[in-house]
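Below is one structure, written out as structure tokens; the observations come after it.
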Number of protein chains: 2
Amino acid sequence: MPSPRTETAEQVSSLILERFVPYRLSVLSNTVSRAIARIYAERFDLTIPEWRVMAQLGRHGRLSASDIVGLTAMDKVRVSRAVARLVASGRVVAVPDETDRRRQLLTLAAAGRRIYREIVPLALEREARLLDALEPEERRALDRLLAKLQGQAAKLAPKTAGEDGEPD
Amino acid sequence: MPSPRTETAEQVSSLILERFVPYRLSVLSNTVSRAIARIYAERFDLTIPEWRVMAQLGRHGRLSASDIVGLTAMDKVRVSRAVARLVASGRVVAVPDETDRRRQLLTLAAAGRRIYREIVPLALEREARLLDALEPEERRALDRLLAKLQGQAAKLAPKTAGEDGEPD
DNA sequence: TGGCATTAGTTTCATACGAAACTATTATCT
DNA sequence: AGATAATAGTTTCGTATGAAACTAATGCCA
């Protein structure tokens, strides 16, 4: 492995895509996503946005859609659609908030809780297998790097400190 | 920052999305992507697949579409569409390969080379700004971690050791 | 109280995506 | 050579995406 082009922007005007961090992040993220999305899709007929909504409801109990927007870095359109499907499939219950009739309070239905309890260990196991490639110190380093990069990226990004989309 | 759940799969059946590495990778990748995609889109009316094709042609000179598939982790549908647009916009020239008439050999046209020379420094500058948040040793660590994780993720992934898609 | 700005959430619309099917050409096997 | 498999690349088709417009309810301020 040749020493990477890490010294700021030297090696002027030569760009090797395979070493370009945004590209590598994109490829990695998508490889990982596919591996994990299979669990949700094949075994539970869940999309990733649906899974994220369930994860938040499973952890926090009762939330409005906009709470979930704030928690998941998904935009409200995505959340709205995910919630609609979850309600349609009987995995989530929505009850109107009587103190603010624009809002609906969402909770996992029994079927949703059942699935949630099944998925969580599978998801954690996948994550563990991914991290198997790393030493313990490397995992801590990863944790720190992800946090730092996310903070920096948010500065460079436009309004929508978005989520899924197009990488590079 | 609480010590992360890195000890394999302890803390059983508790999943906090904000700490879940696949999720964090997804959010980061997409935040970075948006920041960078803006350059391509606003200033050059280029999509990311088009940019990737140009990056490979800019570096390697003359390639077939399937060469690019092999180099970019994009599937052939995406490459095909990107190439079609690049040819339509006069940025890439496609000439039939006389020794194998299924193939077309692609090169950057003059307009494509011009754009390529303009984009490369901008892309590298964005990358540099992202990495500004890291110390030099951290950048080296990032390089290593990305490589290791990509290797491991490829093992867990299905056939299509894909690219863009849906994260978590 | 009335009116204007906000917020919650949905719908519309144009675009991107990729699996699968398809066309055309080349490779391989007998 | 003739048939079958494999490869290059395109098209089809159903689905996902998000910006922008929209509906409905609430907040704010004079």
Side-chain angles (χ1 to χ4, degrees), chain A residues 26 30-31 33-34 37-38 40-42 45-53 63-70 72-88 92 94-106 157-168, chain B residues 26 30-31 33-34 37-38 40-42 45-53 63-70 72-88 92 94-106 157-168:
Chain A
S26 164
N30 285 283
T31 306
S33 294
R34 290 190 187 238
R38 273 201 313 175
Y40 313 146
E42 292 178 1
D45 188 32
L46 269 189
T47 65
I48 281 172
E50 287 173 76
W51 150 246
R52 290 183 184 171
V53 168
L63 297 170
S64 71
S66 60
D67 293 335
I68 294 172
V69 168
T72 57
M74 293 194 287
D75 66 46
K76 60 186 183 173
V77 177
R78 252 164 87 123
V79 170
S80 171
R81 290 198 264 239
V83 167
R85 271 175 304 191
L86 287 168
V87 170
V92 162
V95 304
D97 178 345
E98 284 310 327
T99 77
D100 182 345
R101 276 173 305 178
R102 290 171 302 183
R103 306 208 301 159
Q104 293 196 317
L105 294 176
L106 307 167
K159 303 276 144 192
T160 318
E163 170 59 19
D164 309 291
E166 255 316 329
D168 249 22
Chain B
S26 164
N30 285 283
T31 306
S33 293
R34 290 192 186 239
R38 273 202 312 174
Y40 312 147
E42 293 177 1
D45 186 33
L46 268 190
T47 65
I48 281 173
E50 287 173 76
W51 149 246
R52 290 183 183 172
V53 168
L63 297 170
S64 71
S66 61
D67 293 335
I68 293 172
V69 168
T72 57
M74 294 194 288
D75 66 47
K76 61 186 183 172
V77 176
R78 252 163 89 128
V79 171
S80 171
R81 289 198 265 240
V83 167
R85 272 176 303 192
L86 287 168
V87 169
V92 162
V95 303
D97 178 346
E98 284 310 326
T99 77
D100 181 345
R101 276 172 306 179
R102 292 170 301 184
R103 307 208 299 161
Q104 292 196 318
L105 295 176
L106 307 167
K159 301 277 144 193
T160 318
E163 171 57 19
D164 309 292
E166 256 314 332
D168 245 21

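Keep in mind it's a predicted model, so treat the numbers as computed, not measured.
A/E98 has its CD atom 13 Å from the C1' atom of D/dA25, to the nearest Å. One atom, CG of A/D100, and another, C1' of C/dT6, lie 11 Å apart when rounded to the nearest Å. Atom CG of B/L106 and atom C1' of D/dG9 are 11 Å apart (whole Å). If you measure from atom CG of B/D97 to atom P of C/dA27, you get 10 Å, rounded to the nearest angstrom. If you measure from atom CZ of B/R78 to atom C1' of C/dT15, you get 13 Å, rounded to the nearest angstrom. Residue A/E42 contributes atom CD, which lies 13 Å from atom P of C/dA19 at whole-angstrom precision. What separates CD1 of B/I68 from C1' of D/dT7 is a distance of 16 Å, to the nearest Å. Distance A/M74 CE to D/dA19 P: 14 Å, rounded to the nearest Å.
Side chains of B/S33 and B/N30: no donor on one and acceptor on the other come within 3.5 Å.
Among residues two or more places apart in sequence or in another chain, the side chain to side chain donor-acceptor pair (under 3.5 Å) test is passed with A/R101 by none. In terms of the side chain to side chain contact (heavy atoms under 4.5 Å, CB included) criterion, residue partners of A/D100 (sequence neighbours excluded) are, by chain and number, A/D97, A/R102, A/R103. Taking A/T47 as the reference, A/P49, A/E50, A/R85 meet the side chain to side chain contact (heavy atoms under 4.5 Å, CB included) condition, with sequence neighbours excluded. Here B/V83 pairs with B/V53, B/V79, B/V87, B/L106 under the side chain to side chain contact (heavy atoms under 4.5 Å, CB included) rule; sequence neighbours left out.
When atom types are taken as modelled, the side chain of B/S66 and the backbone of B/V69 share no donor-acceptor pair closer than 3.5 angstrom.
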Name the pairs: protein N/O against N/O of nucleotides 4-6 of chain D, kept only if under 3.5 Å.
none

Please enumerate all protein N or O atoms sitting under 3.5 Å from an N or O of nucleotides 10-15 of chain D, with distances to 0.1 Å.
{"from": "D/dT10", "atom 1": "OP2", "to": "B/S80", "atom 2": "OG", "distance (Å)": "2.5"}
{"from": "D/dT10", "atom 1": "O5'", "to": "B/S80", "atom 2": "OG", "distance (Å)": "3.4"}

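Side-chain N/O atoms of A/S66 include none lying less than 4.0 angstrom from OP1 or OP2 on C/dT7. Dashed line: the shortest gap from a side-chain N or O of A/R101 to OP1 or OP2 of D/dA24 is not under 4.0 Å. The shortest distance between the side-chain N/O atoms of B/T47 and the OP1/OP2 oxygens of C/dA16 is not below 4.0 Å.
Atom CZ of residue B/R78 and atom CD1 of residue B/I48 lie 8.0 Å apart, to the nearest 0.5 angstrom.
Looking at heavy atoms from C-beta onward, A/V77 lies out of side-chain contact with A/S80 at the 4.5 angstrom threshold.
Which of D/dA8, C/dG9, D/dG18 sits closest to the side chain of A/R103 comes down to C/dG9.
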